Amino acid sequence: RYVLRPGSMKGMLWDIQCAFVMIYDMVFIPLQVYNLESVFLSAMDWVTAAVWSLDICVTFFRGIEAGGVTDMRLSQISTRYLRGWFVLDV
């Protein structure tokens with residue numbers, strides 16, 4: 001009921017948002033060497049932290065495809081995520 005299907009529109013929109021945040025991070029994290037300060041950059045620090053934190057939660061509620069079969073069971077999704085990308089995401 002609360003699990004997103006792997007190819008759902010909501011899931012794809014979330015992925016697109018995360019891609020934009022990733023591009024932002026790839027550009028602006030290296031620029032932190034120069035100690036740039038602005039209201040925009042401070043706000044974006046909070047936005048990016050919120051997006052990546054929410055992404056961890058969203059991943060626990062996204063169906064997975066394994067062997068051509070879509071698995072929507074929370075226990076299987078959680079187990080696979082915790083054994084896989086979770087450590088790198090944290």
Side-chain angles (χ1 to χ4, degrees):
R1 177 175 166 179
Y2 298 108
V3 178
L4 290 172
R5 294 203 167 276
S8 71
M9 181 61 77
K10 288 179 184 179
M12 285 190 283
L13 291 174
W14 180 257
D15 289 342
I16 291 168
Q17 174 185 331
C18 288
F20 282 120
V21 172
M22 187 180 306
I23 292 166
Y24 173 86
D25 279 347
M26 288 170 52
V27 171
F28 283 95
I29 287 175
L31 292 176
Q32 289 178 350
V33 170
Y34 300 107
N35 293 324
L36 303 173
E37 292 187 25
S38 73
V39 173
F40 172 77
L41 293 175
S42 295
M44 284 304 292
D45 286 344
W46 284 99
V47 169
T48 57
V51 167
W52 296 130
S53 298
L54 282 172
D55 188 52
I56 292 171
C57 297
V58 168
T59 304
F60 277 106
F61 294 95
R62 265 185 112 155
I64 52 175
E65 290 185 4
V69 177
T70 302
D71 195 345
M72 304 291 282
R73 295 175 294 174
L74 290 175
S75 61
Q76 294 301 314
I77 295 167
S78 300
T79 301
R80 188 167 179 169
Y81 182 48
L82 289 171
R83 290 182 180 169
W85 285 95
F86 180 75
V87 173
L88 294 172
D89 284 349
V90 173

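Since the structure is predicted, the reported quantities are computational estimates derived from the model, not experimental observations.
Residue Val51 is grouped with residue Leu41 when hydrophobic side chains (ILVMFWY) are merged at heavy-atom distances under 4.5 angstrom, including chains of intermediate members. Linking Ile, Leu, Val, Met, Phe, Trp and Tyr residues whenever their side-chain heavy atoms come within less than 4.5 Å leaves Ile29 and Phe20 in two separate clusters. Ile77 is connected to Leu88 through a chain of hydrophobic side-chain contacts under 4.5 Å among Ile, Leu, Val, Met, Phe, Trp and Tyr, so both are in one cluster. A chain of hydrophobic side-chain contacts below 4.5 Å, direct or via other Ile, Leu, Val, Met, Phe, Trp or Tyr residues, connects Leu31 to Val47. When the side chains of ILVMFWY residues are joined at heavy-atom separations under 4.5 Å, either directly or via intervening members, Val27 and Leu36 end up in a single hydrophobic cluster.
Considering only heavy atoms from C-beta on, Phe60 comes within 4.5 Å of Leu82 through its side chain. Side-chain contact between Tyr24 and Thr48 is present, with at least one heavy-atom pair separated by less than 4.5 Å. Using a 4.5 Å heavy-atom cutoff, the side chains of Gln17 and Leu54 are not in contact. A heavy-atom distance below 4.5 Å is found between the side chains of Phe61 and Leu74. Between Trp85 and Arg80 the shortest side-chain heavy-atom distance does not fall below 4.5 Å.
The closest side-chain donor-acceptor pair between Trp14 and Asp55 falls under 3.5 angstrom.
Here the closest non-hydrogen pair linking Val3 and Arg62 is CG1-C, 4.0 Å. Across Met72 and Gly63, no two heavy atoms sit closer than the pair SD-CA, 3.8 Å. Of all the heavy atoms in Gly7 and Met12, the pair that sits closest is O-CE, 3.4 Å.
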From CA spacing to verdict: side-chain contact (heavy atoms from CB on, under 4.5 Å), Trp52, Asp89: CA-CA 8 Å; Trp52 296 130; Asp89 284 349; over 6 Å; no
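To the nearest 0.5 Å, atoms CD (Gln32) and CG (Asp25) are separated by 8.5 Å.
Tested against Ile64 for a side-chain contact (heavy atoms from CB on, under 4.5 Å), the candidates Val69, Thr70, Asp71 yield a single pass: Asp71.
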